[in-house]
2 protein chains.
Amino acid sequence: MTKTTRDKLIDAMIDALQRRGLHGVGLSELLAAADAPKGSLYHHFPNGKTELAVAAIERVGQRAEQAFATLFERQSDPLDALTIWLQSALGQLQDSAFERGCPLATVALESGPQDHEIRAALASAFVAIRQALQQQLQRHGYPQPEGLAALFVALYEGGLLQARVAGSSEPLKQAVATLLHLTRQHRTESPPA
Amino acid sequence: MTKTTRDKLIDAMIDALQRRGLHGVGLSELLAAADAPKGSLYHHFPNGKTELAVAAIERVGQRAEQAFATLFERQSDPLDALTIWLQSALGQLQDSAFERGCPLATVALESGPQDHEIRAALASAFVAIRQALQQQLQRHGYPQPEGLAALFVALYEGGLLQARVAGSSEPLKQAVATLLHLTRQHRTESPPA
DNA sequence: GCCCAACTAGACCGACCGGTCTACATAATT
DNA sequence: AATTATGTAGACCGGTCGGTCTAGTTGGGC
């Protein structure tokens, strides 16, 4: 299976978003990474960089949903799934010398309300992620599943951010340990109906 | 008291970092906002944009430390202080039509290990913030104060991020409510020595 | 009044940005 | 074999980027 040029472009964009964000990467850099000429970019994505970014965001969203699906399927306790998720993010961060964070976070902060296409793609990706978490938490009887879902996503984003600037996994590890502890305890004390 | 050109430049940079991040703002935009010519920028900050960004980051760090100091001084329970802190961030976000987030977050994600000056400034700002929180939590007998501090910072960063892309305060509000609930409960059940 | 440092002012520069356009290769269609 | 859609290739363009440099202004020390 040979990757199509389109796929290579999207993957290169995802990688770029993880490392530097949308404004941080130039087209030439992107094209070099994807080993594609400019003509191909504008053939597959007539609206240029923005359209490519939207496609990248959508792909990330799809991958996340899929990853959650299999993760929750295999873990009986959603907190175990969450732990694995956070740990794998941490692993990727460490393996890349603290360069690769969340592919959505940087664009999210770089974009404004006027970048409506990008914002729309981001918004629906985040909604999907939160909903997936919420459903699983709810199903297993955790109270305040919506708040917990938003909290875990915040922990992921905020924790990765702190780990990156610190150049260390410690802040994230500690925050994760603390939240898991709090949550398990909470669950234990207010069992499902 | 008239603001000096240097101060106006720093404040303009802080505002820019909150809205769009470092790569997202051009010098011309910055200079227009500060109502200063290019010559002044390079007089006060010979290393240009980067040096100005570092100064902005440092000022944000100082302001944060100061804000925490007075906040914790006035609130007997650190959780109340934390609540006020999170709510004021939310207020600023709403008042700016979801444009103004954390001034450190975007640069944090845009920068890489090679931007060592910026990273150093960011790292020390985050350490200072976490330490301030940790001290207060510890002093009031909360268990795992270090993890809790990192967790609250993550909630702040990750929550603001989610609120921005959602164009709504709901995700952050819910996450805050949930974490406060969990933390209070935890504290109650394991009182200080 | 003179001088010198601090600062303001903006013209100017090369590099690079994202984007367009034409020419060409390739492959499916008939 | 001729034609047509699909995609590759990169020269080229105007605009903007961050940064440099020279000239002028301002105000305090003497």
Side-chain angles (χ1 to χ4, degrees), chain A residues 1-17 19-57 59 106-107 109-112 114-119 121, chain B residues 1-17 19-57 59 106-107 109-112 114-119 121:
Chain A
M1 169 231 139
T2 320
K3 251 198 270 191
T4 70
T5 301
R6 192 169 189 280
D7 279 335
K8 286 195 293 184
L9 284 167
I10 295 180
D11 285 342
M13 177 57 100
I14 293 177
D15 186 68
L17 292 181
R19 298 183 184 277
R20 257 72 190 44
L22 185 57
H23 295 315
V25 222
L27 285 197
S28 50
E29 202 176 332
L30 224 35
L31 295 169
D35 191 29
K38 223 169 239 196
S40 298
L41 206 198
Y42 284 88
H43 172 74
H44 294 290
F45 305 95
N47 277 335
K49 206 187 188 188
T50 304
E51 192 178 344
L52 175 56
V54 170
I57 292 166
R59 177 169 295 185
T106 316
V107 224
L109 297 182
E110 286 178 300
S111 65
Q114 56 274 69
D115 311 309
H116 63 287
E117 291 163 315
I118 287 183
R119 274 288 170 97
Chain B
M1 168 229 138
T2 321
K3 250 197 271 190
T4 70
T5 300
R6 192 168 188 280
D7 278 336
K8 286 194 294 183
L9 284 168
I10 294 180
D11 285 342
M13 177 57 100
I14 292 177
D15 186 67
L17 292 181
R19 297 182 185 277
R20 257 74 188 44
L22 185 57
H23 296 315
V25 221
L27 285 196
S28 51
E29 202 177 334
L30 224 34
L31 295 169
D35 192 29
K38 225 169 235 192
S40 300
L41 206 199
Y42 283 88
H43 172 74
H44 295 291
F45 306 95
N47 277 336
K49 206 187 188 187
T50 305
E51 191 178 345
L52 175 56
V54 169
I57 292 166
R59 176 169 294 184
T106 316
V107 224
L109 297 181
E110 286 178 299
S111 64
Q114 56 274 67
D115 311 309
H116 63 286
E117 290 164 314
I118 288 183
R119 274 289 170 96

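Proteins get letters first, then strands, A, B, ... in listed order; numbering begins at 1 in each. FYI, side chains are in, hydrogens and waters are out, and symmetry mates aren't considered; it's all heavy atoms of this structure.
Nearest nucleotide to the side chain of B:K49, out of C:dG18, D:dG18, C:dC17: D:dG18. The side chain of A:P37 lies closest to D:dG10, out of C:dT8, D:dC17, D:dG10.
Not one side-chain nitrogen or oxygen of B:K38 sits closer than 4.0 Å to the OP1 or OP2 atom of C:dG10. A close approach under 4.0 Å does occur between a side-chain nitrogen or oxygen of B:T5 and OP1 or OP2 of C:dT8. At the phosphate of C:dC17, OP1 or OP2 sits under 4.0 Å from a side-chain N or O atom of A:S28. One finds no side-chain N or O of A:H44 lying less than 4.0 angstrom from the OP1 or OP2 phosphate oxygen of D:dT6. Distances shown here put every side-chain N or O of A:H23 at or beyond 4.0 Å from the OP1 or OP2 atom of C:dC17.
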message: What verdict does the side-chain contact (heavy atoms from CB on, under 4.5 Å) test give for A:K49 and A:M13, after you've listed the backbone C-alpha separation in whole Å, the side-chain angles of each residue and the deciding distance to 0.1 Å?
response: CA-CA 9 Å; A:K49 206 187 188 188; A:M13 177 57 100; 4.2 Å; yes

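Rounded to whole Å, the distance from NE2 on A:H43 to C1' on D:dA5 is 9 Å. Distance, A:L31 CG to C:dC16 P: 16 Å, rounded to whole Å. A:L27 has its CG atom 18 Å from the P atom of D:dG15, to the nearest Å. Atom-to-atom, OH of A:Y42 to C1' of D:dT8 comes out at 16 Å; the value is rounded to the nearest Å.
At the heavy-atom level, A:G26 lies under 4.0 Å from the strands shown only through sugar-phosphate atoms.
Checked for salt-bridge contact, B:D35 and B:K3 miss the test: no charged N lies under 4.0 Å from a carboxylate O.
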